[in-house]
Amino acid sequence: MIERPRRLRRNPQLRGLVRETSLAVEDLIAPLFVTAASDVKRPIASMPGIVQWPVAQVAAEAERLAGLGLPAVLLFGIPQEKDALGKESHAQDGVIQRAVREIKRAVPDLLVTTDVCLCEYTDHGHCGIVNGTPGFVDERLPDGYVLNDPSVELLGRIAVSHAAAGADVVAPSAMLDGMVAAIRSALDDAGFIDCPILSYSAKYASAFYGPFRDAAEGTPSFGDRSTHQMDPGNAHEAMREHALDVAEGADMLMVKPALAYLDVIRMTRDRFPELPLAAYNVSGEYSMLKAAAAQGWLDERRAVLEVLTAIRRAGADVVITYHAADAARWLID
Ligand code: PBG
């Protein structure tokens, strides 16, 4: 007698009944780019279907996403002006602060998560203050090196300004040491003890962020991010990064990117079962699928749902994805 696992695959009802992994709209977060530098929406060439929204239109878009059943958005801002210290990142009338207020007024129940970083706000495009900036010179370190401690202090100020505007969750993405602790204590000191931190705890120095850097206009003008983001060859080190962020007070963990790091998602889920885990299906992952679909080389709907299911199967509770609106429509019909 031979084993017949095919018995359980005979029709959609049986397959649905025994499916191990579920994918639901409630698991998805939609990233949104908001710009202070334009009054009209701007398409992003390398990310078909994704645009930079002017502040005046972002609430309407958020309302549309909420109408599809999506529980949350993740905001990225493009400021009016950039400078060495990224001042607009924590300004009361900065692009994100205004966008958060608009969205919370229009759709109070939609969770607003904000990316906390400096790369979109600095004129050099780095995620912190770089060595050699007037007032920030350390002879022992190379010029242009991202200075850790002054930068995390600034990240704390950014997080507080987002929480003050009404953000529900802050998501620091700079991969600097002590970042979560600095943000937690800044939030607590300012009275935002209930504002959770979704830390980009294991974020790799990845080529798959390329299209995002067009979208957020945050390409470094020199050097790269490999002195703070993780080396793609390392998985055990990601466990160290997670453990530090847990100790510093992270409420949720993240692995980013998702597809080339499914093993890291699985390892994280097994090692840190007590914390919710997000995975970021990043811009390059989106763009390559969209490009293949545009050529007719892939069935977009099937490929997207398969990818998102795989990220969930690897162990992510939450998936941050540019496919969120499309997936939401496909999942409900
Ligand atoms: C900012 C940030 C980046 C992404 C999210 N937050 C870019 C980077 O680190 O270079 C990438 C997201 C994506 O590619 O979709 N630090």
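All residue numbers in this chain count up from 1 along the given sequence. Since this is a predicted model, take the numbers as computed values, not measurements. Both counts, for ligands and for their atoms, begin at 1 and track the order of listing.
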Pairs of nitrogen or oxygen atoms, one from ligand 1 and one from the protein, closer than 3.5 Å: please tabulate them with distances.
from: ligand 1; atom 1: 6 (N); to: Asp115; atom 2: OD1; distance (Å): 3.4
from: ligand 1; atom 1: 6 (N); to: Lys256; atom 2: NZ; distance (Å): 3.4
from: ligand 1; atom 1: 9 (O); to: Lys203; atom 2: NZ; distance (Å): 2.7
from: ligand 1; atom 1: 9 (O); to: Gln229; atom 2: NE2; distance (Å): 2.8
from: ligand 1; atom 1: 10 (O); to: Arg213; atom 2: NE; distance (Å): 2.7
from: ligand 1; atom 1: 10 (O); to: Arg213; atom 2: NH2; distance (Å): 2.6
from: ligand 1; atom 1: 10 (O); to: Arg225; atom 2: NE; distance (Å): 2.9
from: ligand 1; atom 1: 10 (O); to: Arg225; atom 2: NH2; distance (Å): 3.3
from: ligand 1; atom 1: 14 (O); to: Ser283; atom 2: N; distance (Å): 3.3
from: ligand 1; atom 1: 14 (O); to: Ser283; atom 2: OG; distance (Å): 2.7
from: ligand 1; atom 1: 15 (O); to: Ser283; atom 2: N; distance (Å): 2.8
from: ligand 1; atom 1: 15 (O); to: Tyr322; atom 2: OH; distance (Å): 2.6
from: ligand 1; atom 1: 16 (N); to: Ser173; atom 2: OG; distance (Å): 3.3
from: ligand 1; atom 1: 16 (N); to: Lys203; atom 2: NZ; distance (Å): 3.0

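Annotation: side chain of Leu65 is in contact with side chain of Leu32 (closest heavy-atom distance under 4.5 Å). Under the 4.5 Å side-chain criterion, counting only non-hydrogen atoms from C-beta, Val318 is not in contact with Pro276.
A salt bridge does not link Asp326 to Arg301: none of the charged nitrogens lies less than 4.0 Å from a carboxylate oxygen. Salt bridge absent: Arg240 and Glu237 never bring a charged side-chain N and a carboxylate O closer than 4.0 Å.
For Tyr121, there are no side-chain hydrogen bond (donor to acceptor under 3.5 Å, both in side chains) partners, not counting sequence neighbours.
Residue Gln295 places its CD atom among more than 12 non-hydrogen atoms of other residues, nucleotides or ligands, all under 6.0 Å distant.
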